[in-house]
K.L.:
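Take a look at the following structure, please.
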Amino acid sequence: MRPHVSTPAASPAFVPMSYPFDRIEPKWQRYWEKHGTFRTMEDPTKPKFYVLDMFPYPSGSGLHIGHPEGYTATDIVARYMRMRGYCVLHPMGWDAFGLPTERYSMTTGIHPRVATAENVATFKRQLAMLGFSYDWSREINTTDPRYYRWTQWMFRLIYNSWYDHEQQRARPIEELPIPADVQDAEAYRDAHRLAYMALVPVNWCEELGTVLANEEVDEWRQKGYTVERRPMRQWMVRITAYAERLLADLELVEWPASTKEMQRNWIGKSEGAEITFPIIGSEASVTVFTTRPDTLFGATYLVLAPEHRLIEQITTPNCSSAVAAYVAEAQRKTDLERTELSREKTGVFTGAYAFNPATGAEIPVWIADYVLPHYGTGAIMAVPAHDQRDFEFATAYGLPVEIVVRPRDGTLPEPLTEAFVADGIACNSTNAELSLDGLPTAEAKERIIAWLEQRRIGRRTVRYKLRDWLFSRQRYWGEPIPIIHFEDGTRRVLDEDELPLELPEVSEFKPTGTGDSVLATVPEWMNVLDPKTGKRGHYETNTMPQWAGSCWYYLRFCDPHNDACFADPDRLRYWLGTDSQRGGVDLYVGGAEHAVLHLLYARFWHKLLYDYGYVPTKEPFAKLFHQGLILGEDGRKMSKSLGNVINPDDIVRDYGADALRLFEMFLGPLEATKPWSSKGIEGIKRFLDRVWRMYTNPDGTLSSAIVNIPPTREQARLLHQTIKKVRHDIESLSLNTAIAQMMIFANEMSRMAQRPYQVMEQFVLVLAPFAPHLAEELWQLLGHTESLAYEPFPDWDEELLREEEVEIVVQINSKVRSKLMVPVTASAEELRHHALSSPDIERHLQGKTIKNIIAVPGKLVNILVE
RNA sequence: GCCCGGAUGGCGAAACGGCAGACGCACAGGACUUAAAAUCCUGGGCUCCGGAAGGAGCGUGCGGGUUCGAAUCCCGCUCCGGGCACCA
């Protein structure tokens with residue numbers, strides 16, 4: 001008779017062998033919620049730590065498997081820092097304005113507010129399911145009028161500011177000095193505001209029915225949309241005023257080198273000079289920008305961009321038809337065609353000549369589309385010997401090439417086959433007043449700039465590639481720009497007490513197709529009787545770009561419910577600190593795709609607020625980390641079409657949240673791109689099951705192997721090694737190796753018949769930031785009645801780590817020949833002695849002459865022989 | 001073209017200039033089981049010699065260098081990923 005044979009599923013004795021995550025995880029999530037375990041504490045006597053995720057755009061497809069990667073890393077840090085006694089701010093919110101939702105609404109007719117609410121609910125459920133320790137009482141949503149009221153308030157601040165380049169800061173527009181000769185003071189002010197309207201060539205996307213920021217163009221092109229240049233009257237934000245500070249202050253932050261480099265490249269600082277060339281027989285002169293003023297003697301012609309405003313004035317009659325044709329052709333080309341298709345240099349002669357102020361030579365003025373209208377002055381001096389583009393153009397049109405720089409050593413072939421663009425020694429550069437000959441490039445630049453400035457024909461100049469931020473979008477689902485345009489052509493920004501300017505209700509979300517947003521079709525938006533001025537007008541029909549809301553959300557988290565200001569200064573000072581402590585968000589984790597866009601805009605926005613004293617630090621994010629992409633199991637980027645998408649819901653259902661959290665961290669270095677592995681997560685599950693069995697009897701009670709005995713020396717060492725390694729690894733975000741160390745602990749400890757209570761108790765705390773549900777359950781099993789969230793994180797005792805003996809490698813001619821156990825305290829001299837008296841070594845040394853012995857205590861002995 | 005990263009077993013990866021491959025996956029052998037699953041134990045970079053214990057050599061993309069000693073530092077390449085790109 002075998003009375004008790006039954007299927008595993010039916011036998012309770014089998015169930016506890018596997019960790020019952022489906023019971024434990026919801027239990028502790030409910031507990032945390034009910035007890036407000038993760039409500040943020042603000043205790044001025046305690047150190048603080050602000051750890052932030054880039055808040056997500058709540059898309060319709062729910063959480064992607066990549067989201068929990070960064071979120072788990074920050075959650076581990078947040079939980080760890082709480083246990084270290086810090087007050088931790090770890091919030092979450094929604095960057096919910098955006099085009100995908102609006103496009104969804106266009107096709108379904110469902111209001112974007114409704115769609116957003118549904119998406120947020122899904123995201124929130126999924127985040128809760130993963131057990132992240134967010135303080136949900138601080139949840140924010142950029143589409144909430146109580147939030148975007150302050151986004152509008154900040155736009156108002158930008159609008160009401162000008163940039164004082166002398167003081168290097170933004171100041172109120174009322175303080176702008178108006179020169180005496182200015183007729184229209186209001187127009188002058190408008191021209192200096194940090195938010196201004198301008199007719200600019202914008203990136204228009206017909207399919208989207210909106211314009212895009214320069215920074216956004218590539219992304220949409222990659223998705224197959226066409227983006228073309230079109231002049232439109234748009235809102236611009238003068239981010240260029242901050243170019244130098246955005247560049248210089250990168251020194252203040254601890255960010256990945258590559259991200260800093262990308263920002264530097266985007267800002268694109270060039271130092272050089274502006275030089276003015278008089279046009280012969282004309283009042284006009286052409287000013288060029290060059291980074292190589294030292295090559296002025298080699299400037300054999302000028303080139304204007306086809307858009308240059310002097311073209312009509314200087315073109316001679318016999319050239320005018322050819323010039324007109326060329327300019328028209330250039331206008332027809334899109335930016336893309338101009339940059340990619342026209343590798344062959346083309347151009348046209350204007351008939352005009354200019355004086356080279358250094359040589360006195362008459363040099364021809366050309367037009368070519370390889371000169372860009374929006375960089376520098378839209379005109380260049382061409383030095384074909386020392387600029388590859390000029391060289392190609394000169395070769396194509398038979399223009400002269402004059403060598404004025406030679407290599408430091410060696411000579412240049414003549415005629416040149418390519419431009420010599422490197423620094424070198426100036427030559428052929430002498431006139432009656434000046435000689436650069438023999439000077440290295442750097443000195444030659446200084447000398448000629450001094451001469452140009454003295455002669456008042458040029459000056460030292462700094463240029464940036466960064467352009468002003470195109471700030472309006474022809475969309476409904478965005479923050480309204482709080483401006484009223486009046487019938488008389490004037491406008492005003494809304495006052496603080498008129499904010500928020502809320503989006504009107506509409507039922508149709510398609511753009512009008514005329515370059516206006518849907519807002520232009522809303523009667524109450526377009527017919528406004530302004531109570532403050534009594535004038536008639538309409539609200540601005542454009543809305544802000546999606547980036548606006550994310551420029552300051554990390555500030556709102558510090559004080560999310562404040563209706564009197566965007567955040568209380570004292571609370572900002574508490575959570576951001578000050579520059580003297582390297583202030584800002586202490587740890588910011590998010591994808592590298594925001595390296596230029598969001599991170600540049602947010603830094604700009606923050607600096608403007610800093611200029612007014614609204615924020616206490618120069619920089620918003622002290623330390624930044626990019627989590628790497630998780631690829632599909634096939635090593636390719638996850639996508640629906642490839643069918644390699646992993647859904648977090650499925651993983652949590654099958655393995656539990658703790659397993660998903662641990663596995664994503666164990667996959668590899670946080671910053672690395674790495675493929676998903678469905679087998680790999682089984683290994684993590686095995687580890688968690690092993691931990692569970694280490695603490696529990698099959699009936700689910702505390703394991704009878706856990707007993708109140710003092711730990712052995714080895715057990716104590718193992719525990720303390722683990723504590724030390726895990727602490728160091730969390731602090732450096734090397735979470736994969738922290739988990740490896742915990743696995744070593746579990747492998748060793750689970751083998752032991754008796755496990756000291758004290759050791760097992762400490763290990764639960766070490767595990768807690770990684771697998772919080774399991775840890776809480778084990779903590780309770782160990783007899784505790786409260787959450788471990790604020791238990792002090794264990795510290796290690798260096799004394800306990802010390803080994804009595806250590807293995808020393810003995811090498812002969814750098815090859816390992818033997819290993820010895822010696823006391824850790826053994827000196828170099830003692831090591832030599834031990835090594836030489838070892839039988840293995842003696843055998844190897846037979847008949848050889850010792851030349852030298854290198855002994856490194858605690859490591860090795862290397863015997864060098866003949 | 002320019003600027004950043006990166007390259008280590010069958011796979012994901014470890015490694016203050018000091019025993020390359022921790023930890024995990026996959027695999028192989030064994031224990032338990034009627035069997036399977038689960039669990040536990042054992043094994044392994046490659047090549048060669050040896051019946052075995054063991055021994056010899058070669059190994060971190062390629063070629064040099066520095067060093068007693070290099071995956072690690074330096075120089076020159078190759079390939080892969082990312083960014084920028086007619087920016088004067």
Side-chain angles (χ1 to χ4, degrees), chain A residues 2 5 8 14 17-18 218 256-266 268-270 272 288-292 295 299 303 305 338-340 342-345 368-372 374-383 386-390 392-393 421 463-467 592-593 595-596 626 628-629 635 662-663 666-669 671-684 686-687 689-690 693 725 734 736-744 746-747 750-751 807-819 851-856 858-864:
Chain A
R2 298 172 163 274
V5 174
F14 278 84
M17 298 309 283
S18 174
D218 287 349
S258 58
T259 304
K260 285 190 184 187
E261 192 59 26
M262 280 167 69
Q263 293 225 341
R264 281 192 202 103
N265 289 342
W266 193 264
K269 182 179 184 175
S270 299
V288 305
F289 172 70
T290 177
T291 55
R292 292 294 301 276
T295 62
V303 189
R338 216 163 130 172
T339 53
E340 286 186 19
S342 65
R343 299 247 74 125
E344 289 284 297
K345 299 279 181 293
D369 65 3
Y370 80 92
V371 174
L372 305 173
H374 45 68
Y375 184 74
T377 60
I380 61 156
M381 66 176 204
V383 185
H386 305 293
D387 181 285
Q388 188 58 28
R389 296 153 300 184
D390 297 344
E392 286 166 21
F393 190 80
V421 298
R463 290 281 175 176
Y464 301 91
K465 281 194 240 177
L466 184 69
R467 285 182 256 164
E593 67 275 16
V596 179
H626 297 305
L629 201 63
L662 249 71
F663 183 58
F666 190 62
L667 222 40
E671 67 277 16
T673 301
K674 56 238 158 190
W676 180 262
S677 161
S678 51
K679 280 292 183 187
I681 195 163
E682 307 259 6
I684 286 291
R686 276 203 274 276
F687 164 65
D689 285 343
R690 178 172 297 163
R693 286 193 308 271
K725 177 79 175 147
S734 308
N736 52 332
T737 49
I739 294 167
Q741 180 62 38
M742 290 191 281
M743 286 174 169
I744 292 170
N747 291 348
S750 61
R751 261 193 274 270
E807 194 183 58
I808 291 289
V809 172
V810 184
Q811 301 176 323
I812 294 175
N813 285 348
S814 307
K815 291 209 164 79
V816 179
R817 294 302 180 188
S818 179
K819 291 171 188 183
K851 283 167 59 186
N852 194 10
I853 301 178
I854 287 145
V856 183
K859 295 267 197 250
L860 53 63
V861 177
N862 191 1
I863 304 169
L864 304 172

K.L.:
Specify the residue among Lys679(A) and Thr290(A) whose closest nucleotide of RNA chain B lies further upstream toward the 5′ end.
P.N.:
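The residue closer to the strand's 5' end, by nearest nucleotide, is Lys679(A).
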K.L.:
Any donor and acceptor pair, going by atom type alone, linking the side chain of Arg292(A) with main-chain N or O of Val421(A) inside 3.5 Å?
P.N.:
yes
K.L.:
Assign Asn862(A) to base, sugar-phosphate, or nothing according to its heavy-atom contacts below 4.0 angstrom with the strands shown.
P.N.:
base
K.L.:
Under 4.0 Å between any heavy atoms, over every strand shown, what does Lys851(A) touch: base, sugar-phosphate, or nothing? Just pick one.
P.N.:
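Answer is nothing: Lys851(A) stays at 4.0 Å or more from every strand.
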K.L.:
Who pairs with Arg686(A) by side-chain contact (heavy atoms from CB on, under 4.5 Å), at least two apart in sequence or on another chain?
P.N.:
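Not a single residue meets the side-chain contact (heavy atoms from CB on, under 4.5 Å) criterion with Arg686(A).
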K.L.:
Relative to the ring of Phe289(A), is the ring of Tyr375(A) parallel (under 30°), tilted (30 to 60°) or perpendicular (over 60°)?
P.N.:
perpendicular
K.L.:
Between P on rG55(B) and CZ on Arg817(A), what's the gap in Å once rounded to a whole number?
P.N.:
10 Å
K.L.:
Using a 4.0 Å heavy-atom cut-off across all strands, classify Gly683(A) as base, sugar-phosphate, or nothing.
P.N.:
sugar-phosphate
K.L.:
Could you check whether Leu860(A) gets within reach of a base, just the sugar-phosphate, or nothing at all, counting any heavy atom under 4.0 Å?
P.N.:
base
K.L.:
Any protein N or O atoms within reach of nucleotides 10-14 of chain B? Criterion: under 3.5 Å, listing atom names and distances.
P.N.:
residue: rG12(B); atom: O2'; partner: Leu667(A); partner atom: O; Å: 2.4
residue: rA14(B); atom: OP1; partner: Asn736(A); partner atom: ND2; Å: 2.9

K.L.:
Keeping the roles fixed (side chain from Gln263(A), backbone from Ala595(A)), state whether a donor-acceptor pair exists under 3.5 Å.
P.N.:
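It does hold such a pair.
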K.L.:
What N/O pairs connect the protein and nucleotides 41-48 of chain B at under 3.5 Å? Give each pair on its own line.
P.N.:
residue: rC41(B); atom: OP1; partner: Arg751(A); partner atom: NH1; Å: 2.6

K.L.:
Find out whether the Lys NZ or Arg CZ of Lys345(A) is both under 6.0 angstrom from the six-membered ring centre of Tyr370(A) and within 45° of the ring's axis.
P.N.:
yes
K.L.:
Separation of Arg463(A) atom CZ from rA88(B) atom C1', in whole Å?
P.N.:
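That distance rounds to 11 Å.
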K.L.:
What contact category does Ile854(A) fall into here, base, sugar-phosphate, or nothing, at under 4.0 angstrom with non-hydrogen atoms?
P.N.:
base
K.L.:
Looking at every strand, decide which applies to Gln741(A) at a 4.0 Å heavy-atom threshold: base, sugar-phosphate, or nothing.
P.N.:
nothing
K.L.:
Just checking Thr291(A): base, sugar-phosphate only, or nothing, at a heavy-atom cut-off of under 4.0 Å?
P.N.:
sugar-phosphate
K.L.:
Could you state the atom-to-atom distance from NE2 of His626(A) to P of rG6(B) in whole Å?
P.N.:
14 Å
K.L.:
Classify the glycosidic conformation of rG9(B) as syn or anti, calling it syn when the angle lies within 90° of 0.
P.N.:
syn
K.L.:
State whether the side chain of Asp390(A) and the backbone N or O of Val383(A) hold a donor-acceptor pair below 3.5 Å, judged by distance alone.
P.N.:
yes
K.L.:
Take atom CD of Glu682(A) and atom P of rG24(B), then tell me their distance rounded to the nearest Å.
P.N.:
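Computing the Glu682(A):CD to rG24(B):P distance gives 15 Å.
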K.L.:
Within this structure, what is the CD-to-P distance between Glu261(A) and rG5(B), rounded to whole angstrom?
P.N.:
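These atoms are roughly 8 Å apart.
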K.L.:
Between Asp390(A) and Asn813(A), just flag the one whose closest nucleotide in RNA chain B comes earlier from the 5' side.
P.N.:
Asn813(A)
K.L.:
Could you check if a side-chain atom of Leu864(A) sits within less than 4.5 angstrom of a side-chain atom of Asn813(A), using non-hydrogen atoms only?
P.N.:
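SC-SC contact between Leu864(A) and Asn813(A) confirmed.
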K.L.:
Side chains of Val816(A) and Gln811(A): closer than 4.5 Å at any heavy-atom pair?
P.N.:
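Yes, side chains in contact.
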K.L.:
Check whether any side-chain nitrogen or oxygen of Arg264(A) sits under 4.0 Å from OP1 or OP2 of rC84(B), and answer yes or no.
P.N.:
no
K.L.:
Got a donor-acceptor contact below 3.5 angstrom from the Lys269(A) side chain to the Arg264(A) backbone?
P.N.:
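Here the side-chain-to-backbone pair does not exist.
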K.L.:
Contact class for Arg686(A) vs. all strands (heavy atom < 4.0 Å): base, sugar-phosphate, or nothing?
P.N.:
sugar-phosphate
K.L.:
Could you state the atom-to-atom distance from CZ of Phe687(A) to P of rG24(B) in whole Å?
P.N.:
10 Å
K.L.:
Return the value, rounded to whole Å, for the distance between atom NE2 of His374(A) and atom P of rA85(B).
P.N.:
10 Å
K.L.:
Check every strand shown and say whether Gln811(A) touches a base, only sugar-phosphate, or nothing at a heavy-atom separation below 4.0 Å.
P.N.:
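Gln811(A): base contact, heavy atoms under 4.0 Å.
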K.L.:
Whole Å only: how far is the CG atom of Asp689(A) from the C1' atom of rA38(B)?
P.N.:
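Roughly 9 Å, once rounded to whole Å.
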